[in-house]
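Naming convention: chains lettered A, B, ... in sequence-line order (proteins, then strands); numbering from 1 in each chain. Note that these values count all heavy atoms, side chains included, but never hydrogens, waters or copies made by symmetry.
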2 protein chains.
Amino acid sequence: MAEKLANSPSSTRQQILRAAEAAVLAKGFSGTSIDELIAEVGISKSGFFYHFRDKAMLAQALIERYVEEDGEILSGIFAEADTLSEDPLHSFLIALKMLAKLFEDLPATHPGCIVASVCYHEQLFDREVRRLTGEAVLIWRAMIRTRLDRITQQYQLRIDIDLDDLADMLSVVADGGIILSKAVGDKSRLPRQMLLYRDFIRLVFEPRATAAER
Amino acid sequence: MAEKLANSPSSTRQQILRAAEAAVLAKGFSGTSIDELIAEVGISKSGFFYHFRDKAMLAQALIERYVEEDGEILSGIFAEADTLSEDPLHSFLIALKMLAKLFEDLPATHPGCIVASVCYHEQLFDREVRRLTGEAVLIWRAMIRTRLDRITQQYQLRIDIDLDDLADMLSVVADGGIILSKAVGDKSRLPRQMLLYRDFIRLVFEPRATAAER
DNA sequence: GTGGTACAGTACCGGCGGTACAGTTGAAGG
DNA sequence: CCTTCAACTGTACCGCCGGTACTGTACCAC
């Protein structure tokens, strides 16, 4: 009652979203009931529908929140890596190691990616939600592509590969690594895969041994 | 006693499984209603529960079927690749190209992987189902690991990497590639990622350029 | 004191997963 | 020809869940 944050406009809404995200990642969207969410948050059904018109709007808010947070984490890591090395390749390699460490330091197996979860429920969502997820992946691609382009200005590609594909592969390894971790019940598998992607980047860009050529 | 007849003992069951697989991949497990399955197959609810004790048993049958079929496809590709090259590395590279072509030739975006779908619904399933999915991934790993081990007998690893991780990466790229394809609505993204994995294999194993060293 | 925000309470609807059980059909086997 | 059994159909019912509708209310700001 005397709590100050009680009237905070986002508090209850955020609590619902937090509970919903955990539940959706563990049980899928349609496996998550509104009743269990309101029970966990401690509100009434009316309270829920005050914040979200229906379950689809919850999904949309969930994705918007996830994409935003995820983007901040990724750009935060890249920014931090940039302070540690001027070299674009080394900076990227540092960022990948930090990402791997982030996954490694999780208390349990990675809870999952909302975007991936949505992709496996596509028919349940409207066009807007699917547009959001697609856009999110393209934003991630663009972020990484920018890094790769900067690298190519100082390093040669050892083989002919498409840089968009190479950029996409980070998301691919993350999503695939999460599934692998979940499937075998070994949380270390995700950071391991991320480090393998890092090895790929090293192999693709690093100079051809120490031998001075030409 | 009852021999497998051309009639309906397995036919109806298979029809249910086929419809269920498509529906689960598109809408998730709990998003798939029994009513829609029986409507599509054209049987009654009693007919469904004659074949499956409950929805959980449908899930189990779905996974067993998927894992079996998937294993056959993969080992089929490897066997065919072996007839095309004696060299273990080249055979593996051929197999990866065939796998990429398989994905490329699909009429639409890859429908999805049941194992991945299950991983994003873990809390809905019992221990047996989760054991099955984990085992499936380990079988795939073992299949590929065998290939990689054979390669290492004739080729040197250019960098120090764990072969189990490298083997896992095929599943990772497949699952992640499927999600990428679905997210951006571009079916070509999955085969592209598979070819990128192939490039990684090439880089990791192929001899250090043509320069004879030492 | 008026209005808006942020809920709680109550009642109700239809769909879905699941149960229970009785009845039907067609083919194989003795 | 009769029995048996697999493979269903039909009917009735339960409880949970998503969703709707509407009323009520505590609290804060102006």
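Within the 4.0 Å cut-off from OP1 or OP2 of C:dA6, not a single side-chain nitrogen or oxygen of A:His51 is found. Not one side-chain nitrogen or oxygen of A:Tyr50 sits closer than 4.0 Å to the OP1 or OP2 atom of C:dC7. Put simply, A:Thr12 has a side-chain N or O that comes within less than 4.0 Å of OP1 or OP2 on C:dC7.
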Identify each atom pair where a protein N or O and an N or O of nucleotides 19-22 of chain D are less than 3.5 Å apart, giving names and distance.
from	atom 1	to	atom 2	distance (Å)
D:dG19	OP2	A:Lys55	N	3.1
D:dG19	N7	A:Lys45	NZ	3.3
D:dG19	O6	A:Lys45	NZ	3.4

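Here the side chains of B:Val184 and A:Asp168 are not in contact, with every heavy-atom distance at 4.5 Å or above. Taking the side chain as every heavy atom from C-beta outward, A:Ser181 and A:Gln193 never approach each other to under 4.5 Å. Contact annotation: the side chain of A:Tyr197 never approaches that of A:Val172 to less than 4.5 Å [non-hydrogen atoms, C-beta and beyond]. Between B:Met57 and B:Gln60 the shortest side-chain heavy-atom distance falls below 4.5 Å.
A:Ile38 places its CD1 atom 19 Å from the P atom of C:dA6, with the value rounded to the nearest Å. Put simply, CZ on B:Phe29 is 15 Å from P on C:dC16, counting in whole angstrom units. Rounded to an integer number of Å, the gap from CG of B:Asp35 to C1' of C:dT19 is 14 Å. Taking atom CZ of residue B:Arg13 and atom P of nucleotide D:dC8, one finds them 11 Å apart after rounding to whole Å. Counting to the nearest Å, the P atom of C:dG18 and the CD atom of B:Glu36 are 14 Å from each other. When rounded to the nearest whole Å, the span between CZ of A:Phe52 and C1' of D:dG18 equals 16 Å.
Note on A:Gly42: only backbone sugar-phosphate atoms sit closer than 4.0 angstrom, heavy atoms only; bases stay farther off. Among the atoms of the strands shown, only primed sugar atoms or phosphate atoms (P, OP1, OP2) are found under 4.0 Å from some heavy atom of A:Ser33. Within the 4.0 angstrom heavy-atom criterion, no nucleotide atom of any strand lies near B:Ser30. At the heavy-atom level, A:Gly47 lies under 4.0 Å from the strands shown only through sugar-phosphate atoms.
In summary, the aromatic rings of A:Phe205 and A:Phe92 are positioned with their centroids too far apart to meet the 6.0 Å limit.
Ring orientation note: the planes of A:Phe200 and B:Phe200 are tilted relative to one another, at an angle of 30° to 60°.
Using a 4.0 Å cut-off between a side-chain N of Lys or Arg and a carboxylate O of Asp or Glu, A:Glu128 and A:Arg131 qualify as a salt bridge.
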